Amino acid sequence: MGVGDFIRRMASPLVPKSGPGRRIINALTSPFGTPYDAADVYGQRMQGWQPYLGSADTELSPYRDRIVSRVRDLVRNDGWASGAVTRTLDNAIGVKLRPISKPDYRALARLSGNPAFDAVWAKEYAQAVDAHWRTWADDPLRYNDTERMLTFGQQMHLAFRHLIVDGDALALLPWMEDRVGLGAAQYATTVQIIDPDRLSNPQQTFDLKNLRNGVEIDPNSGAPVAYWIRKAHQADWYSAADTVTWDRYERETGWGRPNVVHMFEHHRGSQHRGGAGILTPVLQRLKMLIKYDGTELDAAIINATFAAYIESPFDPAMTAEGLEGGDEQLAYYQDQRIAFHQHRNISLAGSRMPILFPGEKINTVSAARPASNFRDFERAVLNNVASGAGLSPMQVSNDWSDVNYSSARGSLLEAWKTMKRRRDDFSIGFPTLIRLAWLEESMEEDALPLPRGAPPFIQARAAYARAIWLGPGRGWIDPVAEKQGAVLGMDAGLSTLETECAENEGADWEETLDQRAIEVQAFKDRNLPTPEWAGQNLASKTDRKPEAE
C-alpha cells in the first residue's frame with residue numbers, strides 16, 4: 001500500500017479492522033481508531049492527560065485538609081475570595097433564616113381518618129408552632145446555643161459559612177435538661193456548631209470499609225450510623241489532652257431524634273464527606289491572580305519611588321577607583337559637586353528648581369505600570385472565579401461601572417437561581433433536622449392545638465414538621481418597574497402575595513398583611529386620610545409610571 005493509500009485510509013471515517021466488511025468509527029482528531037476524542041491517548045493534545053479515577057471518598061478524603069487549609073488562607077487574606085464568601089452568605093442565608101410552618105394537613109387527615117385536620121387547623125397550628133419557635137430561636141439569652149453565644153439565625157450563618165468554605169456543615173444536638181427553669185431555658189434542646197476539622201478517624205487511622213474520615217457507615221447499606229468527633233481541634237494546643245481524644249456520637253436515637261446533623265453537597269453517589277467548598281475549583285486561579293496583583297503593585301511602587309536620577313560624567317566604578325588611587329583631579333571634581341549642591345536649594349512657588357553642576361544631567365524613569373492589559377486580565381480571571389462560585393461577575397468584583405440594567409438583572413437572576421438552590425438545599429439538609437428535634441420536644445411540652453385522635457409525632461413527624469424557610473429576599477434593581485410587574489403578575493393569577501413577599505423581600509405575607517392593617521387603622525384612628533397604598537386605588541393603575549413633578 002502506498003503512502004497516498006495509507007493517508008486516504010486513515011482519513012476515512014470508516015476504517016476496515018479485520019476481515020471483509022468489518023469497520024470501526026474514527027473520532028475527529030484521534031489517529032488510531034478511537035471512537036471518542038476524549039479517550040485519545042496518542043494525539044499530542046491528550047496523550048499526557050491521565051487523571052486519577054477513584055471513588056467519591058478516595059478522591060477527596062486524603063486531600064481534604066490540604067484543600068480546606070488553602071481555601072481558608074485565601075478567604076482570610078484575599079479580598080476577592082473574602083468578598084465571594086460574604087456575597088454568598090448575605091444573599092443565601094443572612095442571619096434571619098427562619099421557618100414558616102406548613103403542616104401537611106391532608107396527610108394527617110388520611111393517616112388519622114379525622115377530617116378536623118383541615119386548612120383552618122393548619123393555620124392555627126402553624127401560628128402556634130412558629131410563636132414557640134421564635135421564643136427558642138431568637139432567645140436573647142441564647143439558650144438555643146449550647147455555647148450560649150449565637151441566636152439560631154446566627155448559628156445557621158456560621159454553619160453555612162463552614163459549608164461553602166470547608167465543604168461540610170456539622171452540629172451536635174445536646175439535650176441539656178439542667179438548663180430548663182424559671183428565668184432560664186424553656187427547652188432542653190440545644191445546638192452546637194462543630195468545626196468540621198474535628199470530624200476525623202480516631203487516632204488519624206486510615207479509612208476503612210466502615211469508617212470514612214470520621215463517618216462510621218453501615219457496611220451493607222452505606223448509610224452513616226455514627227460520627228467520630230475530636231474533643232478539641234488538633235491545633236488547639238491549650239487543650240492538648242482533648243486533641244487526642246475522640247467521642248462517638250450516634251446519628252440519631254432509637255426512635256429517630258437527630259443527635260448529629262451533617263450536611264455537604266453530594267457530587268457523587270456513595271459520598272460520605274465534603275471538603276470541597278465553592279472556591280475549590282478556582283483556587284489556583286485566585287492564587288495566581290493574587291501573585292499577579294502583588295507583582296504589579298510592587299513594580300508600581302518602585303517606579304513611583306525611583307522617579308528620577310542625576311547622571312554624572314563618570315561611572316561609579318571609575319569614580320571609586322579614582323578616589324582610592326588618589327586621583328586628585330577626580331577627587332577635586334567630586335568635592336566641587338558636593339559643595340555646589342549644598343548651596344543650591346532654590347525653589348519657585350514651592351517647587352524645587354534643579355540646578356546642575358557642569359557635566360551632570362537629569363534622567364527620569366517612565367512608570368509603565370500597571371501593564372496595559374492588567375485590567376482585562378484581572379476581569380477575565382474574576383469572571384472565571386464568579387462562574388465557578390455561582391456568582392455574578394459584579395458580585396465578585398463589586399465593579400458596576402460597565403453594567404446596564406438589562407445585563408445586571410440578567411446576571412443577578414442567574415446568580416439568584418444558584419443562591420436559592422443553595423439555601424433550599426441547606427435548609428433541607430441542616431436546619432430542618434434541627435427543627436425536627438426541637439419540634440419533638442415542643443409537641444410534648446407546649447399546648448399546641450391538636451384534634452382528638454391526632455397521631456403521635458413519632459408516627460407523622462414529616463407531616464407535623466413540614467415548613468418553608470425564609471431568608472434574604474432577591475431585592476429590586478428597578479423598584480418601580482419590578483413592583484409593577486409583581487402586581488400585574490398577581491392580578492393575572494401568575495403569582496401570589498406569598499411568593500412575591502418571600503422571593504423579593506424575604507418576608508412572610510401574613511405578617512405583611514397584619515402590619516399593613518395596623519398601619520391603615522392607625523391613619524383612621526388619627527382622622528388622617530388614608531394614603532394610596534392603603535388599597536383605595538385599583539391595582540391595574542400600577543401600569544402607569546408616576547409623573548415627574
Side-chain angles (χ1 to χ4, degrees), residues 97-138 144 152-153 156 159 169 171 173 175 186-191 221 223-225 250-263 266 420-421 423-471 496-499 501-503 506-511:
L97 186 69
R98 61 186 180 121
I100 302 297
S101 296
K102 297 286 184 181
D104 193 343
Y105 61 89
R106 295 183 180 89
L108 289 167
R110 291 177 63 89
L111 180 65
S112 65
N114 188 348
F117 285 105
D118 56 12
V120 176
W121 168 84
K123 181 178 180 180
E124 182 182 359
Y125 169 86
Q127 290 176 341
V129 169
D130 290 347
H132 288 299
W133 168 267
R134 289 191 294 271
T135 64
W136 177 77
D138 299 330
N144 60 285
F152 179 80
M156 294 306 99
L173 304 181
W175 179 267
Q186 298 183 39
Y187 302 93
T189 301
T190 64
V191 181
S221 66
V225 295
E250 293 189 355
R251 176 181 179 176
E252 56 200 14
T253 63
W255 62 91
R257 184 184 189 274
N259 289 326
V260 183
V261 182
H262 179 216
M263 194 268 171
H266 288 254
K420 185 69 165 55
R421 188 266 305 165
R423 178 199 300 166
D424 292 345
D425 191 26
F426 177 72
S427 298
I428 293 170
F430 203 79
T432 292
L433 294 175
I434 297 173
R435 183 173 177 272
L436 193 69
W438 169 86
L439 186 57
E440 178 185 338
E441 182 181 3
S442 178
M443 291 282 287
E444 295 291 333
E445 299 296 332
D446 299 322
L448 299 178
L450 294 173
R452 290 184 178 179
F457 179 80
I458 193 174
Q459 184 180 357
R461 57 166 62 95
Y464 284 121
R466 183 170 174 263
I468 60 173
W469 291 83
L470 294 183
T496 64
L497 182 60
E498 180 180 23
T499 299
C501 286
E503 290 289 316
D508 178 13
W509 69 281
E510 289 188 299
E511 291 179 357

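What you are looking at is a predicted structure, and each value in this text was computed from that prediction instead of being measured.
Across all non-hydrogen atoms, the minimal contact from Phe426 to Pro431 is O-CD, 3.0 Å. Closest heavy-atom contact between Pro99 and Asp130: O-OD1, 3.9 Å. Looking at every heavy atom in both residues, Arg251 comes nearest to Ala223 through NH1-CB, 4.5 Å. For Leu439 against Ala465, the heavy-atom pair with the smallest separation is CD2-CA, 3.6 Å. Nearest heavy atoms, Leu173 versus Ala437: CD1-CB, 3.8 Å. Among all heavy-atom pairs drawn from Ala502 and Leu470, the shortest one is CB-CD2, 3.6 Å.
Of the possible donor and acceptor atoms, none in the side chain of Asp446 sits under 3.5 Å from a partner among the backbone N and O of His132. Between the Thr432 side chain and the Gly429 main chain, no donor and acceptor come within less than 3.5 Å of each other. Between the Ser427 side chain and the Arg423 main chain, a donor and an acceptor come within less than 3.5 Å of each other.
For Arg257 and Thr189, the side-chain atoms include at least one donor-acceptor pair closer than 3.5 Å. With no hydrogens or angles considered, a side-chain donor-acceptor pair links Arg435 and Ser101 at under 3.5 Å.
Residues in residues 115-128 take part in no side-chain hydrogen bond (donor to acceptor under 3.5 Å, both in side chains) pair, two or more places apart or across chains. Legend: salt bridge (charged side-chain N to carboxylate O under 4.0 Å, His left out) pairs involving residues 97-113, not counting sequence neighbours, sorted by first then second residue: Arg98-Glu511, Lys102-Glu498.
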Should Met263 and Leu433 be marked as a side-chain contact (heavy atoms from CB on, under 4.5 Å) after you check the CA-CA gap, both sets of side-chain angles, and the distance that decides it? CA-CA 10 Å; Met263 194 268 171; Leu433 294 175; over 6 Å; no
Verify side-chain contact (heavy atoms from CB on, under 4.5 Å) between Ser442 and Leu448, making sure each step is shown before the conclusion. CA-CA 8 Å; Ser442 178; Leu448 299 178; 4.0 Å; yes
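In this view, Trp469 satisfies the ring-ring contact (aromatic ring centres under 6.0 Å, His included) rule with no residue, not counting sequence neighbours. Listed by chain and number, the residues in a side-chain hydrogen bond (donor to acceptor under 3.5 Å, both in side chains) with Ser112 amount to none (sequence neighbours excluded). For Tyr464, the ring-ring contact (aromatic ring centres under 6.0 Å, His included) criterion is met by no residue, not counting sequence neighbours. Qualifying side-chain hydrogen bond (donor to acceptor under 3.5 Å, both in side chains) partners for Glu440, counting only residues two or more places apart in sequence or in other chains: Trp255.
Ion pairing of Lys420 with Asp424 is present here, as a side-chain N (NZ or NE/NH1/NH2) and a carboxylate O approach within less than 4.0 Å.
Trp509 CH2: 12 or fewer foreign heavy atoms inside a 6.0 Å radius.
Using a 4.5 Å heavy-atom threshold, the side chains of Leu108 and Pro455 count as touching.
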